[in-house]
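Data block below; observations after.
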Amino acid sequence: QVRLVESGGGLVQPGGSLRLSCAASGRILAINDMGWYRQSPGKHREVVASFTSGGRTNYADSVKGRFTISRDNAKNTAYLQMNNLKPEDSAVYYCNAHLTFEQPIILTDEFWGRGTQVTVSS
């Protein structure tokens with residue numbers, strides 16, 4: 001079964017750092033693109049950072065210079081390093097990916113993780 005699992009959320013003080021991980025499991029043949037989204041109460045889900053299969057990265061203006069997305073292809077895992085966190089970064093962070101997988105025929109589909117809570121507060 002193919003799925004995405006996030007980890008690394010928690011409570012941190014303003015100015016602190018966290019690193020989120022998103023691991024894709026199953027018979028993954030390719031990660032076509034992968035990204036991090038977040039949603040706080042009363043707001044729409046928004047993209048935070050993403051990269052394409054070609055390696056291009058994109059960031060929301062609100063996190064540029066503070067967040068860095070990276071990936072480990074061998075582990076089918078993406079990371080989001082978050083530095084200088086602010087209270088407005090508090091949200092549930094979701095991993096999203098378009099994956100090509102074998103089940104047993106070869107398919108491509110979009111997947112979401114269940115999310116991990118990030119709370120920035122003193």
Side-chain angles (χ1 to χ4, degrees):
Q1 185 177 1
V2 176
R3 61 176 184 166
L4 300 176
V5 179
E6 305 101 332
S7 61
L11 173 65
V12 64
Q13 293 185 341
S17 298
L18 284 174
R19 190 176 83 153
L20 306 182
S21 298
C22 172
S25 61
R27 300 180 64 86
I28 308 297
L29 300 178
I31 299 176
N32 303 305
D33 55 67
M34 193 174 240
W36 289 96
Y37 291 69
R38 68 186 180 188
Q39 187 170 19
S40 52
K43 294 187 177 181
H44 294 294
R45 189 172 297 187
E46 62 175 354
V47 60
V48 176
S50 63
F51 57 76
T52 66
S53 58
R56 186 177 65 199
T57 57
N58 298 290
Y59 296 93
D61 288 341
S62 59
V63 307
K64 283 181 181 177
R66 300 188 298 121
F67 290 11
T68 302
I69 189 171
S70 62
R71 63 192 289 181
D72 184 333
N73 291 329
K75 295 181 178 180
N76 288 331
T77 300
Y79 305 95
L80 185 67
Q81 178 67 43
M82 306 185 294
N83 298 327
N84 190 21
L85 282 160
K86 304 176 180 181
E88 52 264 40
D89 294 319
S90 297
V92 178
Y93 283 70
Y94 298 90
C95 181
N96 171 273
H98 288 83
L99 305 175
T100 298
F101 55 98
E102 187 176 8
Q103 198 172 19
I105 60 173
I106 296 175
L107 300 169
T108 297
D109 204 350
E110 180 181 23
F111 293 86
W112 288 91
R114 291 188 174 185
T116 184
Q117 177 71 49
V118 171
T119 302
V120 185
S121 175
S122 55

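Heavy-atom basis, side chains included; hydrogens, waters and symmetry copies ignored. Positions are given from 1 along the sequence.
In plain terms, the two heavy atoms of A60 and V47 that are nearest each other are CB-O, 3.5 Å. Between V92 and G115, the shortest heavy-atom distance links the atoms CG1-CA, 3.9 Å. Here the closest heavy-atom approach between residue V118 and residue G9 is recorded as CG2-CA, 4.2 Å. Taking both residues in full, the closest heavy atoms of F51 and S70 are given as CE2-O, 3.9 Å, listed atom of the first, atom of the second, then distance. Pairing each heavy atom of A91 with each of Q117, the nearest pair is O-NE2, 3.4 Å.
Cluster annotation: L80 is not connected to V5 through the hydrophobic network of ILVMFWY side chains, with a link wherever side-chain heavy atoms come within less than 4.5 Å. In the hydrophobic clustering of ILVMFWY residues, with side-chain heavy atoms under 4.5 Å counting as a link, M34 and W112 come out apart. Y37 and L20 fall into different hydrophobic clusters, where Ile, Leu, Val, Met, Phe, Trp and Tyr side chains are chained together by heavy-atom contacts under 4.5 Å.
In this structure the side chain of L99 reaches within 4.5 angstrom of the side chain of L4, judged on heavy atoms. Between M82 and V48, the closest side-chain pair of non-hydrogen atoms is not below 4.5 Å. At a threshold of 4.5 Å between non-hydrogen side-chain atoms, the residues S25 and N76 do not count as touching. Contact of the L29 side chain with the F101 side chain is not registered, since no non-hydrogen atoms from C-beta on lie closer than 4.5 Å. Counting heavy atoms from C-beta on, the side chains of Q103 and D109 never come closer than 4.5 Å. Inter-residue side-chain proximity for P14 and P87 is flagged as met; some heavy-atom pair is nearer than 4.5 Å.
Here the side chain of S50 pairs no donor or acceptor atom with the backbone of G35 at under 3.5 angstrom. Judged by distance alone, the side chain of Q13 and the main-chain N or O of S122 form no donor-acceptor pair under 3.5 Å.
A donor-acceptor contact closer than 3.5 angstrom is absent between the side chains of T52 and D33. When only modelled atom types and interatomic distance are considered, T100 and N32 share a side-chain donor-acceptor pair under 3.5 Å.
Note that R19 lies in the cation-pi zone of Y79, set by a 6.0 Å cut-off to the ring centre and a 45° limit from the axis. Both tests pass for R45 against the ring of Y94: distance under 6.0 Å to the centre and angle within 45° of the axis.
From N96, atom CG reaches atom SG of C22 across 8.5 Å, with rounding to the nearest 0.5 Å. Note that the OG atom of S121 and the CG atom of L85 stand 12.0 Å from one another [nearest 0.5 Å].
The aromatic rings of F67 and Y93 lie tilted to each other, with the angle between the two planes from 30° to 60°.
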Determine, stepwise, if the pair E110 / T108 fulfils side chain to side chain contact (heavy atoms under 4.5 Å, CB included). CA-CA 7 Å; E110 180 181 23; T108 297; over 6 Å; no
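Within a 6.0 Å radius of CD in Q1, other residues, nucleotides and ligands contribute 12 heavy atoms or fewer.
Under a 4.0 Å N-O distance rule, the pair E6/R114 does not qualify as a salt bridge. Between K64 and D61 there is a salt bridge, since at least one side-chain N of the basic residue sits less than 4.0 Å from a carboxylate O of the acidic one.
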